[in-house]
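Below you'll find the structure, written out as structure tokens, and then a few comments.
Residue numbering restarts at 1 for every chain, and letters A, B, ... go by the order of the sequence lines.
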Amino acid sequence: MVGAAAAAESVTYEELYCAHRPRVLRLCRLLLSDPEEAHDVSQEVFLKMHYQLSASGDEVAWGPWLNRVAVNACRDRWRAAWWRSWRAGPREFDEATFTGDALTPEQEALGAEKRRQIWNAFRQLPARQREVFALRFLEECSTEDTATALGVTGGSVKRHLYRAVQRMRRALRGES
Amino acid sequence: MRCLDERSLVMLSVGEGTSAQREHSETCPMCGARLRALTGELGGIGEVLRGAPPPLVHRQPRRSPSWSLVPALTIALLVAVVGVHRLYESRPFVRTDGDGVTDASVSASAEEVSDALFDTSGERAVLAMALPLGGGGRLVVTEAAEVEGALGVGSPCTGERFVGADCSDYTSALFF
């Protein structure tokens, strides 16, 4: 009986893990701009999900819950990493390993430069705008889910989203 | 309905906005074109950001500012302390007030005032001795000086003998 319950819980966890892991990992990558850190943080998120799954018998809306936990974990990692990041010196994207598929060398060069600009513009957004842009626009969460994940109002989500879009566009046009 | 402003277009392009705005963008060729351009621009940004972020290149780590500045600051502090110490040893301390008046000039003025107040020669000395005696004091002092002169005894610090004599103690005794 206990084994069956455990098996059921395990299946549930696996289902949740398979359903949400790509999205959570992508969200962590967006917020941290570092694939290795994102991998570590996503593991932490799913460990917390496992504890939550074991401890809570209530129905949980796992999508918003995972968003909220992932955003908070990324914030913690970002705060803890600032000194280490500063010590490591300025970091830039490696353009040589960031090229498109089936493109001419000129297209590859242009594509790589454009992508580098987009990622740099995104990384330079203020933290809140970056979170809103990632959740609402890139992950296509609803305004309500985004607001719940970030602990803000729907109006605040819209304001930050508009500012983030404008700032990204200005940065990509080369405007200050 | 008037054409949509920039903010309305941005919000429509990210899935926000009212139904009236959306209808207008579908009927107005100009707003429709602007919305399509904006949607395409944001679509390109989203496509890049939804993909894997490029690897980050870590540059040479910085040295900690504390460790790099400590030796220089220590040496500068030592040089400053030694320099100030030698300066005060080699030069007399000349203090000036806000008007640039030195202690030497103040001392000279004080001596003049003192000489004027505590003159021990001639008429002023007689007046100084007579003053504490009250009315008729001057006559008493004068007569005493004459008697002493006639007898050839008494204090060497009376009458003409005040001039150039070492009468400071005697004068002090008269005053106090």
Side-chain angles (χ1 to χ4, degrees), chain A residues 23 25-26 28-30 32-38 83-100 111-112 114-123 130 132-134 136-143 154 157-159 161-166 168-169 171-173, chain B residues 1-25 28 30-73:
Chain A
R23 192 178 56 78
L25 183 59
R26 189 170 60 235
C28 293
R29 276 184 190 159
L30 284 167
L32 295 170
S33 297
D34 188 327
E36 294 172 12
E37 294 272 344
W83 172 245
R84 190 178 53 211
S85 152
W86 192 92
R87 291 248 319 154
R91 300 190 298 179
E92 287 188 346
F93 294 120
D94 184 4
E95 293 177 33
T97 61
F98 192 54
T99 54
K114 189 68 179 174
R115 291 176 188 201
R116 189 188 63 78
Q117 286 178 356
I118 289 172
W119 272 100
N120 279 340
F122 179 70
R123 289 180 72 208
R130 195 167 53 240
V132 168
F133 191 80
R136 179 68 187 86
F137 177 65
L138 299 175
E139 293 299 325
E140 299 177 348
C141 296
S142 67
T143 300
V157 167
K158 290 178 183 178
R159 277 194 301 276
L161 181 61
Y162 173 69
R163 288 174 190 162
V165 169
Q166 290 298 78
M168 288 281 291
R169 294 175 71 205
L172 294 175
R173 287 176 192 157
Chain B
M1 186 178 183
R2 294 174 59 186
C3 282
L4 300 173
D5 60 7
E6 187 75 6
R7 184 185 182 96
S8 302
L9 279 174
V10 168
M11 299 316 287
L12 274 178
S13 67
V14 294
E16 300 285 349
T18 63
S19 56
Q21 289 171 338
R22 190 162 297 282
E23 283 176 14
H24 175 82
S25 70
C28 174
M30 189 178 291
C31 289
R34 290 167 63 205
L35 181 60
R36 279 192 295 277
L38 184 56
T39 306
E41 187 181 354
L42 290 177
I45 292 172
E47 187 183 348
V48 169
L49 293 177
R50 286 190 191 99
L56 294 165
V57 175
H58 294 259
R59 289 185 178 171
Q60 186 68 21
R62 283 189 185 101
R63 290 185 65 197
S64 168
S66 55
W67 292 114
S68 60
L69 290 178
V70 162
L73 286 175

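There is no contact between A/Q117 and chain B, counting heavy-atom distances below 4.5 Å. For B/V14, the parts sitting under 4.5 Å from any heavy atom of chain A are the backbone and the side chain alike. Neither the backbone nor the side chain of A/R23 comes within less than 4.5 Å of any heavy atom in chain B. The contact between A/Q166 and chain B is made entirely by side chain atoms (from C-beta outward), counting heavy-atom distances below 4.5 Å.
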Any chance you could lay out the side-chain contact (heavy atoms from CB on, under 4.5 Å) test for B/L42 and A/M168, step after step, and finish with the verdict? CA-CA 9 Å; B/L42 290 177; A/M168 288 281 291; 6.0 Å; no
Determine, step by step, whether B/E47 and A/R115 satisfy the side-chain contact (heavy atoms from CB on, under 4.5 Å) criterion, reporting the C-alpha distance in whole Å, the side-chain angles of both residues, the deciding distance to 0.1 Å, and the verdict. CA-CA 10 Å; B/E47 187 183 348; A/R115 291 176 188 201; 5.8 Å; no
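The shortest side-chain heavy-atom distance between B/V48 and A/K114 does not fall under the 4.5 Å cut-off.
Because its NZ or CZ atom is both nearer than 6.0 Å to the ring centre of A/F137 and within 45° of the ring axis, B/R50 counts as a cation-pi partner of that residue.
Residue-environment remark: CD (B/E6) exceeds the threshold of 12 foreign heavy atoms within 6.0 Å.
When every heavy atom of A/F133 is checked against every heavy atom of B/L49, the shortest pair comes out as CE2-CD1, 3.8 Å.
For the options A/V165, A/L138, A/L161, heavy-atom pairs under 4.5 Å to chain B are most numerous at A/L138.
Residues passing the side-chain hydrogen bond (donor to acceptor under 3.5 Å, both in side chains) test with A/T143 are A/R136, B/E16, sequence neighbours excluded.
Here CD1 of B/I45 is found 8.0 Å from CZ of A/R169. Values are rounded to the nearest 0.5 Å.
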